[in-house]
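So you know, we letter chains A, B, ... as the sequences are listed, proteins then strands, and number each from 1.
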There are 2 protein chains.
Amino acid sequence: MFREHGFEGASLSLLGARTGLGKGSLYHAFPGGKVEMAEAVLDAIEAWFETRIYAPLREGADPHAAIRRMLRETDAYFRSGGRICLVGAFALTEGRDRFGDRIGRYFAVWCDSLADALHRSGVGTREAAELAEEAIAAIQGGLVLARATRDSATFGRILVRLEGRLIPAGTGAAR
Amino acid sequence: MFREHGFEGASLSLLGARTGLGKGSLYHAFPGGKVEMAEAVLDAIEAWFETRIYAPLREGADPHAAIRRMLRETDAYFRSGGRICLVGAFALTEGRDRFGDRIGRYFAVWCDSLADALHRSGVGTREAAELAEEAIAAIQGGLVLARATRDSATFGRILVRLEGRLIPAGTGAAR
DNA sequence: GTCTATAAAGCGATAGAC
DNA sequence: GTCTATCGCTTTATAGAC
């Protein structure tokens with residue numbers, strides 16, 4: 001609901017209707033109200049990315065395989081651009097001030113984990129950091145563009161081109 | 001105000017305080033209320049980009065110079081990432097349904113104009129279209145990342161790397 | 001053209017019955 | 001643990017004085 005309506009747009013009435021719970025029940029589970037609900041969502045997102053994307057990037061024996069896995073998981077998670085990134089949307093709007101620490105951490109850890117994998121694949125430290133930053137920006141921008149143009153093919157094209165930059169042809173194991 | 005607070009966040013009270021006008025005056029100028037105000041803002045943005053960025057891309061005699069101008073104007077307009085893109089923010093949130101046509105046009109015209117310049121600089125038609133799409137995504141993603149990390153250097157780095165991809169070294173006139 | 005006053009609706013949040 | 005009823009506040013929007 002936060003992803004579809006934004007933090008302010010996801011009213012307690014909508015949240016109640018969607019969960020099938022009354023306001024009393026929602027406040028029983030989340031005494032901190034809507035802010036606490038959003039924090040729980042952001043924590044769940046962070047845990048998902050840590051397990052499925054960040055950890056494999058840092059710990060995978062084959063960095064190129066980990067990067068390809070990241071691109072595959074990313075495409076699936078965002079439904080090929082049909083779904084936006086809640087953290088990115090919060091970063092651009094109201095949520096930035098309220099959830100700034102979680103938003104900053106989401107992108108910082110992603111960048112650092114990807115830079116780590118790139119470095120282990122043979123890229124220099126500084127170039128790895130810049131390339132990682134460029135990759136995260138490409139993904140976030142691809143989501144904006146896909147959503148704006150309503151073109152379901154946009155996000156896929158962006159990811160394919162991104163893979164070409166992260167894993168130059170002729171490098172590492174065959175796909 | 002829409003850029004800083006979002007469409008829903010920019011309440012008539014805030015808009016009145018910032019403009020120094022009462023609600024009656026605001027409704028006198030914009031009978032359609034907040035929606036009409038946002039449409040006027042989006043129209044002004046579209047006109048600005050058309051004049052300063054899109055038209056030069058399509059009509060400039062030197063396509064590389066037009067692309068460099070686009071990057072320079074973009075950096076200035078978004079204050080090196082200190083300012084976000086209202087159209088991109090609307091695309092990710094509530095505004096998408098209300099202003100979908102204007103949002104779609106903003107990105108479509110930008111992509112087409114840039115692809116036109118790239119094509120005239122010697123890039124193949126299809127590659128020009130994909131490269132343009134990649135560039136707009138890099139800019140939008142760079143804004144998301146800059147805003148999320150609060151790092152004022154992020155956006156500049158993204159634009160520098162982008163220029164390297166749009167204007168490969170050794171191509172065209174010297175900078 | 002700008003203002004104040006007000007209407008009607010929705011918001012987040014709370015209280016208390018069950 | 002879930003519900004209904006309600007509080008206090010803010011929202012968009014309108015009416016009408018000046």
Side-chain angles (χ1 to χ4, degrees), chain A residues 1-47 83-104 106 147, chain B residues 1-47 84-103 106 147:
Chain A
M1 296 296 279
F2 288 128
R3 193 157 24 216
E4 290 169 22
H5 297 90
F7 179 73
E8 312 220 346
S11 69
L12 287 178
S13 312
L14 285 174
L15 293 170
R18 182 72 167 261
T19 56
L21 293 171
K23 292 177 187 176
S25 305
L26 290 174
Y27 274 90
H28 179 78
F30 301 94
K34 223 166 70 156
V35 170
E36 190 177 339
M37 299 180 208
E39 286 174 347
V41 170
L42 289 172
D43 286 344
I45 290 174
E46 187 177 351
R83 225 192 199 186
I84 65 160
C85 175
L86 175 64
V87 191
F90 273 13
L92 285 188
T93 53
E94 343 89 4
R96 213 271 295 251
D97 303 317
R98 235 185 283 259
F99 311 109
D101 53 338
R102 279 167 229 256
I103 292 170
Y106 172 86
R147 176 97 167 172
Chain B
M1 296 296 277
F2 288 129
R3 191 155 29 213
E4 292 170 21
H5 298 90
F7 180 72
E8 311 220 346
S11 69
L12 288 177
S13 312
L14 284 174
L15 293 170
R18 182 72 166 261
T19 57
L21 292 172
K23 291 172 189 175
S25 306
L26 290 174
Y27 274 93
H28 179 78
F30 300 95
K34 223 166 72 159
V35 170
E36 192 177 337
M37 299 180 208
E39 286 173 347
V41 169
L42 289 172
D43 287 343
I45 290 174
E46 187 178 352
I84 65 160
C85 175
L86 176 64
V87 191
F90 273 13
L92 285 188
T93 53
E94 342 90 2
R96 213 270 297 251
D97 303 317
R98 235 185 281 260
F99 312 109
D101 53 338
R102 279 167 228 257
I103 293 170
Y106 172 85
R147 175 96 168 173

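- The CG atom of A:Leu21 sits 11.0 Å away from atom NE2 of A:His28, with the distance rounded to the nearest 0.5 Å.
- Shown for residues 4-23 of chain A: residues whose heavy atoms fall under 4.0 angstrom of DNA chain D, namely A:Gly20, A:Leu21, A:Gly22.
- A donor-acceptor distance shorter than 3.5 angstrom exists from the side chain of B:Arg147 to the backbone of A:Ala91, with no hydrogens or angles considered.
- Closest approach of B:Gly33 and B:Tyr27 over heavy atoms only: CA-CE2, 3.6 Å.
- Straight-line distance from the OH atom of A:Tyr27 to the P atom of D:dA5: 19 Å, rounded to whole Å.
- Among all heavy-atom pairs drawn from A:Met1 and A:Leu15, the shortest one is CB-CD2, 3.7 Å.
- The shortest distance between the side-chain N/O atoms of B:His28 and the OP1/OP2 oxygens of C:dG1 is below 4.0 Å.
- The CE-P distance, from B:Met37 to D:dA13, rounds to 8 Å in whole Å.
- Rounded to an integer number of Å, the gap from B:Met1 CE to D:dT11 P is 11 Å.
- As rounded to whole Å, 12 Å separates atom P of D:dG1 from atom CZ of A:Phe30.
- Judged by distance alone, the side chain of A:Lys34 and the main-chain N or O of A:Phe7 form a donor-acceptor pair under 3.5 Å.
- One finds no side-chain N or O of A:Ser25 lying less than 4.0 angstrom from the OP1 or OP2 phosphate oxygen of D:dG1.
- The CD atom of B:Glu36 sits 14 Å away from the C1' atom of D:dT12 (whole-angstrom rounding).
- Heavy atoms only, all atoms of each residue included: A:Leu12 and A:Leu26 are closest at O-CD1, 4.2 Å.
- Across all strands shown, B:Gly24 has heavy atoms under 4.0 Å from base atoms, whether or not it also approaches the sugar-phosphate.
- The distance between atom CG of A:Leu26 and atom P of C:dC11, rounded to the nearest whole Å, is 13 Å.
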